[in-house]
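Scroll down for the structure; my scribbles are underneath it.
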2 protein chains.
Amino acid sequence: MKSELSKRIKPIVFQKGELVLDANNISKKSYFINKGILRTYFIKDGKEISEYFSGIDEWVNSPKSFMQRKKDIYYIDAIEYTEAYFINVNDLVYLFDNYPEMERYARLSMGTVFGHFMERITSIRFTSAKEKYIHFQKIYSKIYHRIPLGMVASYLGITQETLSRIRAKK
Amino acid sequence: MKSELSKRIKPIVFQKGELVLDANNISKKSYFINKGILRTYFIKDGKEISEYFSGIDEWVNSPKSFMQRKKDIYYIDAIEYTEAYFINVNDLVYLFDNYPEMERYARLSMGTVFGHFMERITSIRFTSAKEKYIHFQKIYSKIYHRIPLGMVASYLGITQETLSRIRAKK
DNA sequence: GTAATTATTTGATTTAGGTCAAAAGTTCTG
DNA sequence: CAGAACTTTTGACCTAAATCAAATAATTAC
């Protein structure tokens, strides 16, 4: 089974600032990051709003687009030089269909992802800007210092100025 | 296949205010609502915070708990008299294992659910209290008027007073 | 290496929504 | 149906974070 997976997985690199997925296209590849950071974002009133960041050992795609094979609003880009592997959606479905344990594993992982989403919703709803930033640092403990302030601010839903002031106070 | 599903599904009713799932237990049943409204909530600083509401034709469980068979923080209760069907997690897994088309359907539905979560995160991050309420009315167009103000306010992450004032201005 | 962008910080001012308190309305319960 | 127990509304006041504006600082490009 391992070989079945490795047979369908290919390496790819992205330079800093390079677009990984354009929202005008359907997300047909899922990337597994080996090094670097990818950012999922969308455009609102002409501004880029960061939805989340993904670092080493994480899978990245535009979930709804990838699963339902239709367009969604999300772009993905590399905020630093990134090395990854990718698998095509067709190959992934093939593996799911032929290796039930993979399907089961994926289903289980969904629980974790749902958990993260629900936690994040809570974090956004009931916390001050400062607490949001602290929570962000916890969630992204390994990469938060490599993400530009403006992107972090849009991820948190606060202004750059506010975030700058929060960071200034130690 | 339909009969396989119907064989494993049983009817159940809940009275107004009745607890459907206690966070001290693992979520082992998934409910499909036929009539009424269930609310998923958690306790923060001694207060009930509504996470979301579920109405007719929707499946309800505590996602992370249900999928990973461990405890999570969510309670579920009935905010009005509710009629539903339920299926046990074991039976559902049996169906998934034996009817790949069900598994595939579930995987597809996940895309929709992810989409909702991501939309909600956006709705929370970048909108005023009033816009949040308007969005809530849109999302829950069929049931929003049956949900008590306090529960709506905690769902939106605003105070009761603010919501009351928003509703007062036409 | 210097000009030109782009990102971050700092300051002054405004405002949406929170807090606290009390009144009015509703709905349970015996 | 009357009192208790919630739920919702209204009022006065306050605070966290937004906005607007401009000064630094850091990257990037030539």
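From a predicted model like this one, the values you see are computed outputs, not experimental measurements. Only this structure's heavy atoms are used, side chains among them; waters, hydrogens and symmetry mates stay out. Below, chain A is the first sequence line, B the second, and so on; all start at residue 1.
- Classification of A:E48 and A:R39 as a salt-bridged pair holds, one side-chain N sitting under 4.0 Å from a carboxylate O.
- Among the protein residues, B:G157 comes within range of the sugar-phosphate backbone only, with heavy atoms under 4.0 Å from sugar or phosphate atoms but none that close to a base.
- A 4.5 Å side-chain heavy-atom check between B:I121 and A:R120 finds at least one atom pair inside the cut-off.
- Side chain B:R165 to base C:dG18: no donor-acceptor pair is found below 3.5 Å.
- Atoms CG (A:L163) and P (C:dT10) sit 13 Å apart, rounded to a whole Å.
- Between B:S128 and C:dA16 there is no side-chain N or O to OP1 or OP2 distance below 4.0 Å.
- Straight-line distance from the NZ atom of A:K47 to the P atom of C:dT6: 16 Å, rounded to whole Å.
- In this structure, A:T122 and A:M118 have side chains that are not in contact, with every pair of non-hydrogen atoms separated by 4.5 Å or more.
- Counting non-hydrogen atoms under 4.0 angstrom, B:K130 reaches nothing in the nucleic acid.
- In this structure, the CG atom of B:D45 is 11 Å from the P atom of C:dT19, given to the nearest Å.
- Between C:dG18, C:dT19, D:dT8, one nucleotide has an atom nearer to the side chain of B:Q160 than all others, and that is D:dT8.
- Going from atom OH of A:Y133 over to atom C1' of C:dT8 covers 13 Å, rounded to whole Å.
- Residue A:S164 places at least one side-chain N or O under 4.0 Å from the OP1 or OP2 atom of C:dT9.
- Between A:L149 atom CG and C:dT9 atom P the separation is 6 Å, expressed in whole Å.
- Atom pair A:R167:CZ and D:dT24:P shows a separation of 20 Å (rounding to whole Å applied).
- Using a 4.0 Å heavy-atom cutoff across all strands shown, B:I158 reaches sugar-phosphate atoms only and no base atom.
- Across all strands, A:K132 comes closer than 4.0 Å to no nucleic acid atom at all (heavy-atom distances).
- For B:Y85, the OH atom is loosely surrounded, since the number of other residues' heavy atoms within 6.0 Å does not exceed 12.
- One can place CD of B:E161 at 13 Å from C1' of C:dA23, the figure rounded to the nearest angstrom.
- Residue A:T159 places no side-chain N or O under 4.0 Å from the OP1 or OP2 atom of D:dA17.
- For A:K16 and D:dA29, the NZ to C1' distance is 14 Å, given to the nearest whole Å.
- Geometric assessment of B:K64 against the ring of A:F114 yields a negative cation-pi assignment under the 6.0 Å and 45° thresholds.
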